[in-house]
Amino acid sequence: MYTRKLNEDIERFLGSYFRFEIVQSPQKGYVALGGQIAVLDGKDRFWGSFDVLILVNETEYPYTIPVVIEQSMVIDRDWNLHISKDGECCLDIPHKLQKLKRQGIVLEDFYQNVIYPFFANYHFKNATGAYANGEYRHDFDGIVQYYHEAFQLADFDHIIALLETALNGNKYEPNRTCRFCGGSKYKKCCRKIVYKLKSIEKSQLRLDLQLFKQYPPKGVLS
């Protein structure tokens, strides 16, 4: 049986979203919420709906990211549309989701801020030709995009040095000139990025480091 915290958050969620209910979970150790997401545009006009299944890890909650499966087959099973052949939705860049996981989520907030926008964005792109907050790229291009947008980093050698520092726990004199970019004092410069990188799972940082060393830069993202 799931924890008291999860039980309370599920009750609060179901009280707000009446089209959802607890259903039989296809995976052991997960509580499943099945229901329908109705998407409205900015003028409250109905754009469409999706039948979805939300799976929440019973023992890890709130330090987990729910699995969301689109069951109505509205979205073509195409990775370019951020959905797997089995209907599992790629809700955001893994780094951002890992940060949420580490902080701990509230189910209702996660639905409002991550799940609903994912499905609303599908209709927004169909209507306008582009995602509301821009497209996030796939594979290594998506990782490059993340470092560019989250930290304003484009130089691969700079990124590699910061990743190695975050992973190895290297410490540098905070009041000396930043050893990475030669800017102001280290504590006011790249140390802030190193601390932020430490909020990402080490397995992801190791993968990022491997990829940045493996692939030559293609140029600066804009």
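- Here the shortest heavy-atom pairing between A166 and L197 reads CB-CB, 3.9 Å.
- For C89 against I83, the heavy-atom pair with the smallest separation is SG-CD1, 4.3 Å.
- For the pair V68/F119, a side-chain contact is recorded, criterion being any heavy-atom separation below 4.5 Å from C-beta on.
- Under a 4.0 Å N-O distance rule, the pair K28/E58 does not qualify as a salt bridge.
- R12 and E8 are not joined by a salt bridge, as no carboxylate oxygen comes within less than 4.0 angstrom of a charged side-chain nitrogen.
- Minimum interatomic distance between I10 and I22 (heavy atoms only, all atoms of both residues): CG2-CD1, 4.0 Å.
- The ring of H158 has its center no closer than 6.0 angstrom to the ring center of Y147.
- Here the CG-NZ distance, from L211 to K213, works out to 11.5 Å after rounding to the nearest 0.5 Å.
- Residue Y61 comes nearest to I105 through the heavy atom pair OH-O, 3.6 Å, listed as atom of the first residue, atom of the second, then distance.
- Rounded to the nearest 0.5 angstrom, S84 OG and E70 CD are separated by 10.5 Å.
- Of all heavy-atom pairs between P66 and L91, the closest is O-CD1, 4.3 Å.
- No continuous path of hydrophobic side-chain contacts links V52 to Y30 [ILVMFWY only; heavy atoms under 4.5 Å].
- Here the straight-line distance linking atom CD of E164 with atom CG of L162 works out to 9.5 Å at 0.5 Å rounding.
- Tracing side-chain contacts under 4.5 Å through hydrophobic residues (I, L, V, M, F, W, Y), one never reaches L6 starting from L53; they form parts of separate clusters.
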Listing, residues 174-194 side-chain donor-acceptor contacts under 3.5 Å, not counting sequence neighbours, or none:
from : atom 1 : to   : atom 2 : distance (Å)
N175 : OD1    : K187 : NZ     : 2.9

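- Atoms CD and CZ, from E88 and R77 in turn, are 11.0 Å apart once rounded to the nearest 0.5 Å.
- Here the CD atom belonging to Q204 is positioned 11.5 Å from the CZ atom belonging to R206, to the nearest 0.5 angstrom.
- A chain of hydrophobic side-chain contacts below 4.5 Å, direct or via other Ile, Leu, Val, Met, Phe, Trp or Tyr residues, connects L167 to F151.
- Shown here are the salt bridge (Lys or Arg N to Asp or Glu O under 4.0 Å) partners of R102, two or more places apart in sequence or in another chain: there are none.
- Taking the side chain as every heavy atom from C-beta outward, L33 and F13 approach each other to under 4.5 Å.
- A 4.5 Å side-chain heavy-atom check between I160 and L209 finds at least one atom pair inside the cut-off.
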For a side chain to side chain donor-acceptor pair (under 3.5 Å) check, start with the C-alpha distance between D208 and H95, then their side-chain angles and the critical distance, and finish with the verdict.
CA-CA 10 Å; D208 294 352; H95 303 68; 2.7 Å; yes
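- Listed for the D155 side chain is a donor-acceptor partner under 3.5 Å among the backbone atoms of D157.
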Under 3.5 Å, which donor-acceptor pairs link side chains of residues 106-117 to any protein atom two or more places apart or in another chain?
from : atom 1 : to   : atom 2 : distance (Å)
E108 : OE2    : S16  : OG     : 2.9
Q112 : NE2    : Y17  : OH     : 3.2
N113 : ND2    : D109 : O      : 3.2
Y116 : OH     : L40  : N      : 3.1

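- I75 is listed as a side-chain neighbour of F118, based on a closest heavy-atom distance under 4.5 Å.
- F20 and I69 fall into different hydrophobic clusters, where Ile, Leu, Val, Met, Phe, Trp and Tyr side chains are chained together by heavy-atom contacts under 4.5 Å.
- Considering all non-hydrogen atoms of both residues, L55 and S25 come closest at CD2-OG, 4.1 Å.
- Hydrophobic clustering (ILVMFWY, side-chain heavy atoms < 4.5 Å, transitive): V23 and F50 are in distinct clusters.
- Of the possible donor and acceptor atoms, none in the side chain of E149 sits under 3.5 Å from a partner among the backbone N and O of Q152.
- In this structure the side chain of V144 never reaches within 4.5 angstrom of the side chain of Y215, judged on heavy atoms.
- Between K99 and I200 there is no side-chain heavy-atom pair separated by less than 4.5 Å.
- Between the CG atom of N170 and the OG1 atom of T165 there is a distance of 5.0 Å, given to the nearest 0.5 Å.
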